[in-house]
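Everything below concerns the one structure shown next.
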Amino acid sequence: MAKKNIFTDAFGTPYFLKRLIIFILGIVSYRRFNGFNKLKITGTEHLVDLPDSNVLFVCNHQTYFADVAAMYHAFCAVNNGYLDTIKNPIYLLNPKIDFYYVAAEETMNKGILPKIFKIAGAVTVKRTWRAEGQNVNRMVDLTEVDNIMKALDNGWVATFPQGTTSAFAQGRRGTAKLVKNQRPIVIPIKINGFRRAFDKKGLRVKVTGVKPTMEFKAPLDIDYDNEKAPEILLKIMTAIEQTEDFNVLHNYDEELKAKKLEQKDSDN
């Protein structure tokens, strides 16, 4: 597979351009995370001794772009020795440039801003189950899988196993298959409050005074030889707290139904 060099990343994007885009977008978004709202970051000690490549971050998804923008801030801060804080934006002068994120192709091709974000490190994929707001059923494009593997071979990659910003949506098996085949270090990220603080795209501040959180967890313990993809996927979904066990509203609804049935039986 293609390799990066001192001038370009694995996909041929000039590093000077990536640095410039990350710096500008970082400055523009800084007050969103450390002004209008206060982003609380925890667990970045788990990032300190990671290798430069074959590290996969798995995260729940709440907005199209704010989630990834916050990751860039956190990674750039850690890259400059700042743990659990983004208070000193000087870290944007020395960004983490070999970082990529998996994003839906249709999202990244709508408008100028998404196309700029794409240059910063997007690895685009076509959803196999949904496109343009409609349910679809299409085959996985193996070229896209190769691109994700190329990104892992040359840096860190973030992906959203649910492939949607809907809470508690089911995880997609493709993530688990990728993990089993590529054997990366898998770091779960749990975010919260982004949906309340920002609009769905993550470009507009919806509410101020919110304290979104981003928690980096310890690497998952995965037996790559013996664990099957469904087992790996369950570990991932549990780590990012997106299984039904974490769905408080779902549990409340189920308890309410049970109480109503119990009351009905007692009345009879």
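Note that the structure is a prediction, hence the values are computed from the model and not measured.
- Atom-to-atom distance recorded for Leu92:CG and Asn79:CG is 11.0 Å, nearest 0.5 angstrom.
- Here the side chains of Asn54 and Trp156 are not in contact, with every heavy-atom distance at 4.5 Å or above.
- The hydrophobic cluster containing Val205 also contains Ile191, counting ILVMFWY residues as joined when their side-chain heavy atoms lie under 4.5 angstrom apart, directly or transitively.
- The shortest heavy-atom contact between Ser53 and Leu152 is CB-O, 3.5 Å.
- In this structure, the side chain of Asn37 engages the main chain of Gly209 through a donor-acceptor pair within 3.5 Å.
- A donor-acceptor pair under 3.5 Å links the side-chain atoms of Lys18 to the main chain of Ile97, judged by distance alone.
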(Q) Does Ile236 form a side-chain contact (heavy atoms from CB on, under 4.5 Å) with Val179? I'd like the steps, not just the answer. (A) CA-CA 10 Å; Ile236 290 172; Val179 169; 4.3 Å; yes
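- A distance-only check finds a donor-acceptor pair linking the side chain of Tyr224 to the backbone of Pro184 [under 3.5 Å].
- Ring-centre distance between Tyr15 and Phe7: not below the 6.0 Å cut-off.
- Note on Ile41 and Val210: separate hydrophobic clusters, where clusters join Ile, Leu, Val, Met, Phe, Trp and Tyr whose side-chain heavy atoms are under 4.5 Å apart, directly or indirectly.
- The two residues Ile86 and Leu39 come nearest to each other via the heavy atoms CD1-CD2, 4.2 Å.
- Minimum interatomic distance between Asp67 and Phe194 (heavy atoms only, all atoms of both residues): OD1-CD2, 3.7 Å.
- Between the side chains of Thr213 and Asn192, no donor N or O sits under 3.5 Å from an acceptor N or O.
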Q.
One pair to check against side-chain contact (heavy atoms from CB on, under 4.5 Å): Phe198 and Leu203. What are the steps and the verdict?
A. CA-CA 7 Å; Phe198 307 102; Leu203 299 176; over 6 Å; no
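- We find the CZ-SG distance between Phe99 and Cys76 to be 9.0 Å, quoted to the nearest 0.5 Å.
- With contacts defined as side-chain heavy-atom distances shorter than 4.5 Å, the pair Val125/Val102 qualifies.
- The aromatic rings of His73 and Phe33 lie perpendicular to each other, with more than 60° between the two planes, well past the 30° mark.
- No hydrogens or angles considered: a donor-acceptor pair under 3.5 Å links the side chains of Thr8 and Asn5.
- Val207 and Tyr64 fall into different hydrophobic clusters, where Ile, Leu, Val, Met, Phe, Trp and Tyr residues are linked whenever their side-chain heavy atoms come under 4.5 Å apart, directly or through other members.
- Donor-acceptor pairing under 3.5 Å is lacking for the side chains of Gln242 and Asn247.
- Minimum interatomic distance between Ala218 and Pro188 (heavy atoms only, all atoms of both residues): O-CD, 3.3 Å.
- Atom NZ of Lys40 sits in a sparse spot, with 12 or fewer heavy atoms from other residues, nucleotides or ligands closer than 6.0 Å.
- Between Leu56 atom CG and Thr175 atom OG1 the span is 7.5 Å, to the nearest 0.5 Å.
- Cluster annotation: Met108 and Leu17 are assigned to the same hydrophobic cluster (Ile/Leu/Val/Met/Phe/Trp/Tyr, side-chain heavy-atom contacts under 4.5 Å, transitive).
- With Glu227 as the partner, the salt bridge (Lys or Arg N to Asp or Glu O under 4.0 Å) test is satisfied by one option alone out of Lys235, Lys177, Arg183: Lys235.
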Q: Dump the intermediate steps for side-chain contact (heavy atoms from CB on, under 4.5 Å) on Met149 and Leu178, then the final yes or no.
A: CA-CA 8 Å; Met149 292 175 66; Leu178 177 69; 3.9 Å; yes
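- Classified by interplanar angle (parallel below 30°, tilted 30° to 60°, perpendicular above 60°), the ring pair Tyr100/Phe11 is perpendicular.
- Within the 4.5 Å cutoff, the side chain of Lys38 has heavy atoms near those of the Asn34 side chain.
- A side-chain donor-acceptor contact under 3.5 Å links Asp84 to the backbone of Thr44.
- For CG of Asp223, the number of neighbouring non-hydrogen atoms (other residues, nucleotides, ligands) closer than 6.0 Å is greater than 12.
- Side-chain contact check for Phe160 versus Thr165: every heavy-atom pair is 4.5 Å or farther apart.
- For the 3.5 Å distance criterion, the side chains of His61 and Thr164 fail to qualify, holding no donor opposite an acceptor.
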Q) Would Tyr101 and Phe57 count as a side-chain contact (heavy atoms from CB on, under 4.5 Å) if you check the C-alpha gap in whole Å, the side-chain angles of each, and the deciding distance to 0.1 Å? A) CA-CA 9 Å; Tyr101 59 96; Phe57 295 88; over 6 Å; no
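- When atom types are taken as modelled, the side chain of Tyr30 and the backbone of Lys87 share a donor-acceptor pair closer than 3.5 angstrom.
- Among all heavy-atom pairs drawn from Thr63 and Lys201, the shortest one is CB-C, 4.2 Å.
- Closest approach of Thr124 and Glu105 over heavy atoms only: CB-CA, 3.9 Å.
- Distance CD/Glu144 to NZ/Lys126: 4.0 Å, rounded to 0.5 Å.
- One finds the CG atom of Asn60 at 9.0 Å from the CD1 atom of Ile189 (value rounded to the nearest 0.5 Å).
- For the atom pair Met71 CE and Cys59 SG, the distance stands at 4.0 Å (nearest 0.5 Å).
- No donor-acceptor distance shorter than 3.5 angstrom exists from the side chain of Asn154 to the backbone of Ala10, with no hydrogens or angles considered.
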